[in-house]
Amino acid sequence: MSNSMADTGRDLEINVETASAPELHKSLLSNSTLDAPKSDQTELDSGLARLETVLVFLGLDQSTSLKTLWAWLVFLVLGAAVPAVTLWATSCTDCRKVQVIKFELMIQISDTGLAAVSMLCMAYNLRKYGLRRLLFLDQTRHPLVRFRLDFQSQLRESFRLVKWIIFPCLVMKITREVWRTVYVHQGPWWENMLILIAIIISWLYVIGIFLFGCVLFNLVCSMQIVHVEDYVRLLEGTSDVSLFLKEHMQLRYQLYKISHRFRIFLLLAFLVVTGSQFMTLFETTYYSGTINFINAGVLHCPGGWCYPLFACSSKNYQ
């Protein structure tokens, strides 16, 4: 079975690559055949540069040895060392009303695990294909006004979605950490402030890595919807059977590539999220003490992991 699928994938790749560039340019009709003006091209390049800057900053772009070294160094510091040090600095064995160490460790391991999954999978894809090729933005195949406008719209929507996911969790995280740090850590105010800032920066870094892995998958799937809509217009506008078959093979090839590039990321992310949810259920059920917002508030923010996964998967199955 796997051999037959692999052969099919190779056949698709061969058939698509043998199609000539002019024929592919002619495949999309109506208002999709116009060349994009320079202003649209500049705006597209600006959006991609903005996305690439965020990916480099988060360590998802590891296309060079220097970027790889920087990414994993920052990940070890902000994703592992800082949470461990701040948890140790604010630990209190006799403060079960404001802190349950098991809850803290469980959520931190889950967050770091999801960030590691996203970094490993997205870094591999970006290193192997590059950002434009990963998003199927090959300029020889897509010199289309509507395609570029749709991509810019989807990119803006993705950044807006990330803000709406992070903002409520950030407010809850800051509120909870302020109460817990002030109550547990009886030190100077500046020391409490440093611990609080370190916790928030580490949390934003970890959640950002995972969310922008979801953003890349969301963008790829959203643009495939544009390809399918263009294929529908093609069916309505011409009767050339050979053109239908070539465009159909192109769509199959791209869907085949998306499946193979992102399936490990989705599978591992769903496993980590599901395991985290079950562990949360078991720990809160087994715990015999009082559960309140301060000692269990850390359990609420990771619930936001389920939403981006659902959003990405639902976009994939539209």
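Worth saying up front: this structure is predicted, and the values here are computed from it rather than measured.
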| task | Answer yes or no: is there a side-chain heavy-atom contact under 4.5 Å between Leu78 and Val206? | result | no
| message | When you measure from the side chain of Ser110 to the backbone of Ser276, do you find a donor-acceptor pair of N or O atoms at a distance under 3.5 Å? | response | no
| Does NZ or CZ of Arg50 come closer than 6.0 Å to the centre of the six-membered ring of Phe159, within 45° of the ring's axis? | yes
| Do Thr112 and Gln108 meet the criterion of a side-chain donor-acceptor pair at a distance under 3.5 Å? | yes
| query | What distance separates Ser158 OG from Leu211 CG, expressed to the nearest 0.5 Å? | reply | 11.0 Å
| query | Taking atom OH of Tyr124 as the centre, does the number of heavy atoms from other residues, nucleotides or ligands within less than 6.0 Å exceed 12? | reply | no
| query | Of all heavy-atom pairs between Lys67 and Gln62, which one has the smallest distance, and what is that distance? | reply | CB-CA, 4.1 Å
| field | Phe136 side chain reached by Gln224 side chain, heavy atoms, under 4.5 Å | value | yes
| said: Set out, in order, the CA-CA distance, both residues' side-chain angles and the distance that settles side chain to side chain contact (heavy atoms under 4.5 Å, CB included) for Leu87 and Leu105, then state yes or no. | reply: CA-CA 9 Å; Leu87 183 59; Leu105 286 175; 3.5 Å; yes
| field | ILVMFWY network linking Ile201 to Leu204, side-chain heavy atoms under 4.5 angstrom | value | yes
| query | Can you find a heavy atom in the side chain of Phe265 that is under 4.5 Å from one in the side chain of Cys214? | reply | yes
| task | Give, for atom CZ of Phe75 and atom CG of Leu60, the distance between the pair rounded to the nearest 0.5 Å. | result | 10.5 Å
| message | Surrounding CH2 of Trp70 (heavy atoms of other residues, nucleotides or ligands, distance under 6.0 Å), is the total greater than 12? | response | no
| query | For the residue pair Ile200 and Lys173, what are the closest heavy atoms and their distance? | reply | CD1-CG, 3.8 Å
| said: Looking at every heavy atom in both Gly213 and Ser118, which two are closest together, and how far apart are they? | reply: CA-OG, 3.6 Å
| remark: Only one of Phe210, Tyr205, Trp203 passes side-chain contact (heavy atoms from CB on, under 4.5 Å) with Ile207, and that residue is Trp203
| query | Which atoms form the tightest heavy-atom contact between Leu135 and Val220, and what is the distance? | reply | CD2-CG2, 3.6 Å
| query | At what distance, to the nearest 0.5 angstrom, does CE of Met122 lie from CG of Leu120? | reply | 10.0 Å
| task | Would you check if Phe262 and Leu134 make a side-chain contact, meaning some heavy-atom pair closer than 4.5 Å? | result | yes
| request: Could you walk me through whether Met119 and Trp72 pass the side chain to side chain contact (heavy atoms under 4.5 Å, CB included) test, one step at a time? | output: CA-CA 9 Å; Met119 179 174 286; Trp72 286 106; 3.8 Å; yes
| Roughly how far, to the nearest 0.5 Å, is the CG atom of Leu271 from the CG atom of Leu114? | 10.5 Å
| task | To the nearest 0.5 angstrom, please state how far the CG atom of Leu170 sits from the CD atom of Glu177. | result | 11.0 Å
| request: Would you mind reporting whether Ile199 and Val82 have side-chain heavy atoms less than 4.5 Å apart? | output: no
| request: Taking all heavy atoms of Leu216 and all of Leu126, pick out the closest pair and write down the distance. | output: CD1-CD1, 4.4 Å
| said: Testing the basics here: between Gly208 and Leu58, what is the closest heavy-atom pair and its distance to 0.1 Å? | reply: O-CD1, 3.5 Å
| query | Under a single-linkage definition using a 4.5 Å side-chain heavy-atom cutoff for Ile, Leu, Val, Met, Phe, Trp and Tyr, are Phe57 and Val77 assigned to the same hydrophobic cluster? | reply | yes
| query | Do Val215 and Leu161 come within less than 4.5 Å of each other through their side chains, counting heavy atoms only? | reply | no
